[in-house]
Participant: 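Handing you a structure now.
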Amino acid sequence: MLKQPEADRMAGRHGAMRIAVIPDAGHDVHLDDPAAVYGEMAAFLAAFLAEATAAESEADCAEEAGAGA
């Protein structure tokens with residue numbers, strides 16, 4: 001478990017980090033509430049993949065625009 005100041009410090013150093021609080025869970029959060037942990041992981045990955053896909057799409061569009069010029 002991290003205290004909020006430590007979590008904030010870590011988030012400031014790692015841009016892709018996401019802080020999630022799982023209520024009533026302790027150190028073994030993955031055992032205390034696996035559904036919540038997996039839900040947070042799935043949401044993080046979905047957002048990451050959506051961002052990566054959008055960036056790739058923008059790069060493809062820019063490349064196509066450059067090829068047509």
Side-chain angles (χ1 to χ4, degrees):
M1 288 180 13
L2 294 175
K3 297 198 181 305
Q4 193 63 49
E6 181 70 8
D8 292 340
R9 184 185 67 77
M10 290 176 68
R13 294 179 69 194
H14 304 284
M17 183 176 164
R18 178 174 157 174
I19 297 172
V21 177
I22 309 295
D24 301 319
H27 181 75
D28 291 325
V29 65
H30 61 290
L31 299 176
D32 293 341
D33 194 346
V37 171
Y38 298 141
E40 289 293 336
M41 290 170 64
F44 175 82
L45 290 172
F48 178 82
L49 291 173
E51 185 177 313
T53 301
E56 184 176 323
S57 179
E58 287 178 20
D60 289 345
C61 288
E63 185 177 299
E64 288 174 10

Participant: Show the nearest heavy-atom pair for residues Val21 and Pro23, with the distance to one decimal.
Facilitator: O-CD, 3.4 Å

Participant: Measure the CD-CG distance between Glu56 and Leu49 for me, rounded to the nearest 0.5 Å.
Facilitator: 11.0 Å

Participant: Shared ILVMFWY cluster between Phe44 and Val37, side chains joined below 4.5 angstrom?
Facilitator: no

Participant: Which residue pairs satisfy the salt bridge (charged side-chain N to carboxylate O under 4.0 Å, His left out) criterion with at least one member in residues 24-41, sequence neighbours excluded?
Facilitator: Arg18-Glu40

Participant: With side-chain hydrogen bond (donor to acceptor under 3.5 Å, both in side chains) as the test, pick out the partner of Glu6 among Gln4, Arg9, Lys3.
Facilitator: Arg9

Participant: For Ile19 versus Ala7, what's the shortest heavy-atom pair and its separation?
Facilitator: CD1-O, 3.6 Å

